[in-house]
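Computed from heavy atoms alone, side chains included, the values below leave out hydrogens, waters and symmetry copies. Keep in mind the model is a prediction, meaning the values are calculated, not measured.
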Amino acid sequence: MPKHKSLDHMVSDWINHWNNGSMAKFQVNHPHGKLEEHYDKYILGRKKAKIFVPLCGTMFDMYCLADKGHEIVGIECSDLAIKTFFSKHKLHYHQEHCDDVKGTLYKSDDGKIKIYCCDLFDFKLHLEGKFDVILDFGSMGAIQKEDLQPYADMMKRLMGDNCRHILECFVYDTNKYSDCHPNCFSLNDLQALFGDCCSVEKMDEGPNPYEDEFLTSEETNYQDNSFQQVYPQITGTAYFLIKPKV
């Protein structure tokens with residue numbers, strides 16, 4: 001797909017946030033409660049599911065799911081985040097240059113976890129094939145609005161026939177905050193983006209699980225100057241289940 005200038009800007013900002021410590025606020029050091037609660041809904045009894053995690057950061061659940069025997073493939077544009085993840089869990093890993101993504105591939109020595117360090121949109125289907133599960137916890141929320149349809153189209157290409165795509169998004173008053181990040185999605189929004197070949201249902205909702213880490217004050221900005229925006233008042237989170245139409 002033709003690359004928007006906003007994508008390059010987003011990658012640069014994302015790396016800056018990791019380098020200056022801003023992204024540490026969004027990382028938690030325990031399994032996600034909703035992923036544990038709904039485990040059977042997306043694993044479907046599979047002993048070794050192939051799981052894709054876009055903009056994975058240091059997501060704790062990658063370690064937990066790999067420990068259960070599943071295969072994890074993440075995408076992250078900050079090498080600091082990737083190295084932090086492996087170090088935090090005391091996982092031995094090696095790295096190699098990957099021309100296909102114009103970046104670096106990090107692999108755990110046991111082969112259960114791979115994380116590509118690259119621009120998300122440089123990842124292609126032929127690299128890993130299709131996936132059984134996609135866990136989108138903050139990735140689509142960070143995408144610029146003009147790139148949401150190309151992003152959704154990419155996710156659809158990566159979905160296997162029986163894939164379960166779990167999407168978490170923050171909930172806030174979109175009338176008051178009409179053009180904010182992270183993005184807030186309604187069921188209708190997601191049906192418009194995915195509905196040509198997928199069904200979408202609201203699976204669950206709950207409080208903000210990152211409340212201790214996430215800055216919810218509408219007066220609060222990031223400390224670095226590259227991302228001076230007003231945060232919306234987060235009132236909770238919504239969880240959607242996206243799956244290919246039969």
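Of all non-hydrogen atoms in Thr237 and Pro207, the two that sit nearest each other are OG1-O, 3.0 Å. Leu158 approaches Gly129 most closely through the heavy-atom pair CD2-O, 4.3 Å. Pairing each heavy atom of Glu168 with each of Tyr239, the nearest pair is OE2-OH, 3.0 Å. Among all heavy-atom pairs drawn from Tyr116 and Cys98, the shortest one is CE2-SG, 4.1 Å. Taking every heavy atom of both residues into account, Pro54 and Leu120 meet most closely at CB-CD1, 3.9 Å. Between Ile242 and Cys198, the shortest heavy-atom distance links the atoms CG2-CB, 3.8 Å.
Considering only heavy atoms from C-beta on, Leu167 comes within 4.5 Å of Met140 through its side chain. For the pair Lys243/His165, no side-chain contact is recorded, criterion being any heavy-atom separation below 4.5 Å from C-beta on. You'll find the side chain of Ile72 stays beyond 4.5 Å of the side chain of Lys114, heavy atoms only. With contacts defined as side-chain heavy-atom distances shorter than 4.5 Å, the pair Lys102/Asp119 does not qualify. The closest side-chain heavy-atom distance from Met59 to Leu35 is below 4.5 Å. By the 4.5 Å heavy-atom criterion applied to side chains, Leu91 and Tyr63 are counted as neighbours. Between Asp132 and Phe52 there is no side-chain heavy-atom pair separated by less than 4.5 Å. Side chains of Cys163 and Ile134 form a contact here, defined as non-hydrogen atoms less than 4.5 Å apart.
Within a 6.0 Å sphere centred on NZ of Lys47, other residues, nucleotides and ligands contribute 12 heavy atoms or fewer. Other residues, nucleotides and ligands place no more than 12 heavy atoms under 6.0 Å from the NE2 atom of His92. In the displayed structure, Lys145 atom NZ is contacted under 6.0 Å by more than 12 heavy atoms of other residues, nucleotides or ligands. More than 12 heavy atoms of other residues, nucleotides or ligands sit less than 6.0 Å from atom CG of Asp110.
For the atom pair CD of Gln233 and NZ of Lys176, the computed distance is 6.5 Å after rounding to the nearest 0.5 Å. Between the CG atom of Leu187 and the NZ atom of Lys202 there is a distance of 8.5 Å, given to the nearest 0.5 Å. From Ile115, atom CD1 reaches atom OH of Tyr106 across 9.5 Å, with rounding to the nearest 0.5 Å. Residue Cys184 holds its SG atom at 9.0 Å from CG of Asp173, rounded to the nearest 0.5 Å. Atom CD1 of residue Ile51 and atom SG of residue Cys56 lie 12.5 Å apart, to the nearest 0.5 angstrom. How far CZ of Phe170 is from SG of Cys180: 13.0 Å, rounded to the nearest 0.5 Å.
The main-chain N or O of Glu146 is never found under 3.5 Å from a side-chain atom of Gln144 such that the two would form a donor-acceptor pair. Using a distance-only test at 3.5 Å, with no hydrogens or angles considered, no donor-acceptor pair links the side chain of Thr104 to the main chain of His97. No side-chain donor-acceptor contact under 3.5 Å links Ser178 to the backbone of Thr174. Remark: side-chain polar atoms of Thr235 are paired, donor with acceptor, to backbone N or O of Val171 under 3.5 angstrom. Checking side-chain atoms of Glu71 against main-chain N and O of Lys112 turns up no donor-acceptor pair under 3.5 Å.
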TODO: Start with the C-alpha distance between Asp204 and Glu37, add both sets of side-chain angles, then the distance that settles side-chain contact (heavy atoms from CB on, under 4.5 Å), and finish with yes or no.
DONE: CA-CA 10 Å; Asp204 205 347; Glu37 180 182 347; 3.7 Å; yes
Task: Asn183/Leu148 under side-chain contact (heavy atoms from CB on, under 4.5 Å): CA gap, chis, key distance, verdict - done: CA-CA 10 Å; Asn183 295 311; Leu148 285 173; 4.0 Å; yes
Open item on the list: I'd like to know whether Glu96 forms a side-chain contact (heavy atoms from CB on, under 4.5 Å) with Lys107, so could you lay out the CA-CA distance, the side-chain angles of the two residues, the decisive distance to 0.1 Å, and finally the verdict.
Closed with: CA-CA 9 Å; Glu96 59 192 57; Lys107 295 181 183 179; 4.0 Å; yes
Task: Stepwise side-chain contact (heavy atoms from CB on, under 4.5 Å) check, Met154 with Phe121 - done: CA-CA 8 Å; Met154 176 185 178; Phe121 285 98; 4.2 Å; yes
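In this structure, Lys34 fails the cation-pi test against Phe137, since its NZ or CZ atom is not both closer than 6.0 Å to the six-membered ring centre and inside 45 degrees of the ring normal.
Each of His32, His89, His30 was checked for a ring pair (Phe, Tyr, Trp, His ring centres under 6.0 Å) with Phe60, and the lone residue meeting it is His89.
Under the 4.5 Å side-chain heavy-atom criterion for grouping Ile, Leu, Val, Met, Phe, Trp and Tyr, Leu241 is connected to Tyr39 within one hydrophobic cluster. Tracing side-chain contacts under 4.5 Å through hydrophobic residues (I, L, V, M, F, W, Y), one reaches Leu125 starting from Ile75; they form part of the same cluster. Linking ILVMFWY side-chain heavy atoms closer than 4.5 Å, directly or via other members, places Phe131 and Leu44 in two distinct hydrophobic clusters.
The pair Lys156-Asp196 meets the salt-bridge criterion, with a side-chain N (NZ, NE, NH1 or NH2) lying under 4.0 Å from an Asp/Glu carboxylate O.
Checked by atom type, the side-chain pair Ser186/Asn188 shows no donor-acceptor distance below 3.5 Å. Remark: the His38 side chain and the Asp40 side chain contain no N/O donor-acceptor pair separated by less than 3.5 Å. If you check the side chains of Tyr151 and Ser139, you find a donor sitting under 3.5 Å from an acceptor.
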